[in-house]
Protein chains: 2
Amino acid sequence: MPPNKHSPALSSGSASVQDYVKVIYSFTEWQDEPISSSQLANRLGVANSSVSEMVRKLVELGLAIHEPYSAVELSDEGRRLALAMVRRHRLLETFLVQELDYAWDEVHDEAELLEHTVSDTFIERLSAKLGYPHRDPHGDPIPDAHGAVDIPQAHQLAILDAGHTGRITRISDSNPALLRFLSAEDIGLDDHVEVIGRKPFGGPVAVRVGTAGRDRELDLGDEAASALWVFSDKPHAGCALAT
Amino acid sequence: MPPNKHSPALSSGSASVQDYVKVIYSFTEWQDEPISSSQLANRLGVANSSVSEMVRKLVELGLAIHEPYSAVELSDEGRRLALAMVRRHRLLETFLVQELDYAWDEVHDEAELLEHTVSDTFIERLSAKLGYPHRDPHGDPIPDAHGAVDIPQAHQLAILDAGHTGRITRISDSNPALLRFLSAEDIGLDDHVEVIGRKPFGGPVAVRVGTAGRDRELDLGDEAASALWVFSDKPHAGCALAT
DNA sequence: CGATAAATTTAGGCATGCCGAAAAAATTGT
DNA sequence: ACAATTTTTTCGGCATGCCTAAATTTATCG
């Protein structure tokens, strides 16, 4: 354990424990199914056997709930730890973009490392300096210091059909190349979007996007359409509503 | 190894390796004797046996030079790594004080952890943002990106005798309580100092210190007098000159 | 010089987290 | 329902870095 000021929630975690808990949490942030062992292993880049071991440990630590051979879920304390880590990650990303001029697609890896290292003091001073932001550069919500988050109601562009209009509220940061593409196309947070037309499901989506009056029409591939989440002006029956 | 952009010098080191190398380097920064095994163990807070093992590893890695039962020294590559770590540490301290309003005595531990985690990109952007500083908040010189440092010529107040005058150029950060005392007494970098009188060696030193016209007289204990380094207006024969 | 003391190294262990291979349980298809 | 496949767990091992205790080497002092 580093000789560092950590909140009660964080004191229970090595960097590995923190990573596991964060991935378990993140899996259910925009969807409800709990994560399976092998999905966890996949996202963490470790072997399945490593996950089995670590999950046992998480249960011992009271951070996770797990019946053998079934999915992994977080306990209340696990969720607290996860939210603290998510807060750290997103505040760090915001800092890197706003203060150190990092590009959109560069911040993730750096934040991933730093989130395990900085103290609570650091995080709270950073939050103050940044003006207590509620959203990171990708539009993901930043939990407050007590773990409260408001998950904006948003849908993936990929599941909306023609006629829908809305505002981009989130851009998944899982694919750096895609982030660079969107940046090059000058598509950003809070841009207006209108779905003009759709090819068969999984195919490209024709949209009109832009800030203020500067709209353009273009076709987005499935990957891009899945990464863009929009706050819909007229919600659509086919969309599961965020809890 | 973290999936991070690291300079060639840094790619050769786990956090432990980095710590060892930094301590070995730091020992000779203001004095010339190389460090012994047990001194290393002391400063790192580990057992002597751990040092023996790790030093063998440093030699294998080409970072250190060591004959059994004698002192430990750095190779050129070891020194490069050490200087990179010192640079990181001091830039981080400067950042914490200037941008996140950390107090003088709070920065050390935080920097100690972060220095192993941040990327080279982070450090260089930080350096730019801070205006390429050459000195950290304690007055310690910050090596440039290529490892060049200029060690200012300075002497511990404790070894100067009556009549000496100079400017405080460095304040050792090894004792947080002392830093708080100096801060409370409003003694800071670049203050003028005059040694008024001395009790027997090791005893208190009477000095006049202050910024601009605001001088005060006070007695400093040996600890304080050893932590303050002054650039002497009239160097004294009894002082070893910094190389 | 030689005995004792101090510093250093070696030897054997422990904890954390990872792995691959093999065993066990769950799921799937017909 | 039951055989084949997939998923998950167990088992033995490995690397890092630390520890204590026991050698071993070096230093010190009468």
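Here the structure is a predicted model, which is why all the values come from computation and not from measurement. To find a chain, count down the sequence lines: A is the first, B the second, and so on, and within it residues start at 1. When reading the values below, keep in mind they use all heavy atoms of this one structure, side chains included, and skip hydrogens, waters and symmetry mates.
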**Request:** Look at the side chain of Ser49(B) and the base of dT20(D), then say whether one donor and one acceptor between them are separated by less than 3.5 Å.
**Result:** yes
**Message:** How many whole angstroms separate atom CG of Asn48(A) from atom C1' of dA21(C)?
**Reply:** 13 Å
**Asked** If you check every side-chain atom of Glu53(A), which of dT9(D), dC18(C), dC19(D) has the closest atom?
**Response** dC18(C)
**Request:** List the steps and the verdict of ring pair (Phe, Tyr, Trp, His ring centres under 6.0 Å) for His138(B) and His108(B).
**Result:** CA-CA 10 Å; His138(B) 308 290; His108(B) 184 81; 7.6 Å; no
**Asked** Does His66(B) make a side-chain N or O approach to OP1 or OP2 of dT9(C) shorter than 4.0 Å?
**Response** yes
**Asked** Is any NZ, NE, NH1 or NH2 atom of the basic residue among Arg87(B) and Glu124(B) found under 4.0 Å from an Asp or Glu carboxylate oxygen of the other?
**Response** yes
**Prompt:** Between Gln39(B) (CD) and dA7(C) (C1'), how many Å, whole number?
**Reply:** 11 Å
**Asked** Which nucleotide sits closest to the side chain of Met54(A): dT8(D), dT8(C), dG17(C)?
**Response** dG17(C)
**Request:** Can you tell me the distance, in whole Å, between the CG atom of Leu58(B) and the C1' atom of dG17(D)?
**Result:** 12 Å
**Prompt:** Counting any heavy atom closer than 4.0 Å, what does Ala47(B) reach on the DNA or RNA strands: base, sugar-phosphate only, or nothing?
**Reply:** base
**Asked** According to a strict under-4.0 Å criterion, is Ser14(A) in side-chain N/O contact with OP1 or OP2 of dG17(C)?
**Response** yes
**Message:** Distance check needed: dG17(C) P versus Gln18(A) CD, whole Å only.
**Reply:** 10 Å
**Prompt:** Within the modelled atom types, does a donor on one side and an acceptor on the other bring the side chain of Ser16(B) and the base of dG17(D) under 3.5 Å apart?
**Reply:** no
**Prompt:** Counting only side-chain N and O atoms of Ser52(A), is one of them less than 4.0 Å from OP1 or OP2 of dT9(D)?
**Reply:** yes
**Request:** Decide, yes or no, whether a salt bridge links Arg125(A) with Glu99(B) under the criterion of side-chain N to carboxylate O below 4.0 Å.
**Result:** no
**Asked** Can you tell me how far P of dT8(C) sits from CD of Glu67(B), to the nearest Å?
**Response** 14 Å
**Asked** Hey, does the side chain of Ser50(A) come within less than 4.0 Å of dG17(C)'s phosphate (OP1/OP2), counting only N and O?
**Response** no
**Prompt:** Closer than 4.0 Å, any side-chain N/O of Tyr20(A) to the OP1 or OP2 of dC18(C)?
**Reply:** yes
**Message:** Using whole Å, what does the distance between atom C1' of nucleotide dT7(D) and atom CD1 of Ile35(A) come to?
**Reply:** 14 Å
**Asked** To the nearest Å, how far apart are Asn42(A) CG and dT7(D) C1'?
**Response** 13 Å
**Message:** Take a 6.0 Å sphere around CD of Glu33(A) and say whether it holds more than 12 heavy atoms from other residues, nucleotides or ligands.
**Reply:** no
**Message:** Measuring only between side-chain heavy atoms, which start at C-beta, is Leu40(A) closer than 4.5 Å to Ile24(A)?
**Reply:** yes
**Message:** Expressed as a whole number of angstroms, how long is the span from His116(B):NE2 to dG17(D):P?
**Reply:** 12 Å
**Complete:** Of dC19(C), dG17(C), dT9(D), the nucleotide closest to the side chain of Lys57(A) is dG17(C)
